[in-house]
Amino acid sequence: MRDHGETTVFHIRGTDPANSEQVVYECVGFPMAHAKAAELRMSGYKDVVTSMAPASNQAASQTT
């Protein structure tokens, strides 16, 4: 659930170990992003990267 005080959007990317496909998750707030990245790493995903979404995406996400 989105915290109305938190507006920073992060993208979490990783490589699925079963089929080498890239997965991408969008998380609002650093705690959620950190938790998702940790979940992927513990599940065996490779090359897990956390990055901030572009500013234009953040503005659009604030309205949803």
Side-chain angles (χ1 to χ4, degrees):
M1 178 177 238
R2 175 176 274 192
D3 177 5
H4 294 290
E6 181 66 65
T7 58
T8 305
V9 177
F10 294 88
H11 288 159
I12 313 302
R13 292 178 169 83
T15 304
D16 188 329
N19 55 17
S20 297
E21 288 186 16
Q22 287 280 316
V23 296
V24 179
Y25 294 93
E26 187 175 90
C27 299
V28 177
F30 184 74
M32 290 294 286
H34 180 69
K36 188 62 173 178
E39 177 186 337
L40 291 176
R41 287 184 187 105
M42 289 188 303
S43 297
Y45 280 72
K46 302 178 283 185
D47 307 322
V48 177
V49 177
T50 303
S51 60
M52 291 182 70
S56 61
N57 189 18
Q58 288 182 14
S61 295
Q62 290 177 7
T63 61
T64 59

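Closest non-hydrogen pair, T50 versus F10, comes out as CG2-CD2, 4.0 Å. Across S43 and P17, no two heavy atoms sit closer than the pair O-CG, 4.3 Å.
Atoms CE and CZ, from M52 and F30 in turn, are 11.0 Å apart once rounded to the nearest 0.5 Å. With rounding to the nearest 0.5 angstrom, the NZ atom of K46 is 13.5 Å from the CG atom of L40. Interatomic distance, Y45 OH to K36 NZ, rounded to the nearest 0.5 Å: 8.0 Å.
With 3.5 Å as the limit, one finds no donor-acceptor pair spanning the side chains of T15 and E21.
Using a 4.5 Å heavy-atom threshold, the side chains of I12 and V48 count as touching. For the pair V9/E26, a side-chain contact is recorded, criterion being any heavy-atom separation below 4.5 Å from C-beta on.
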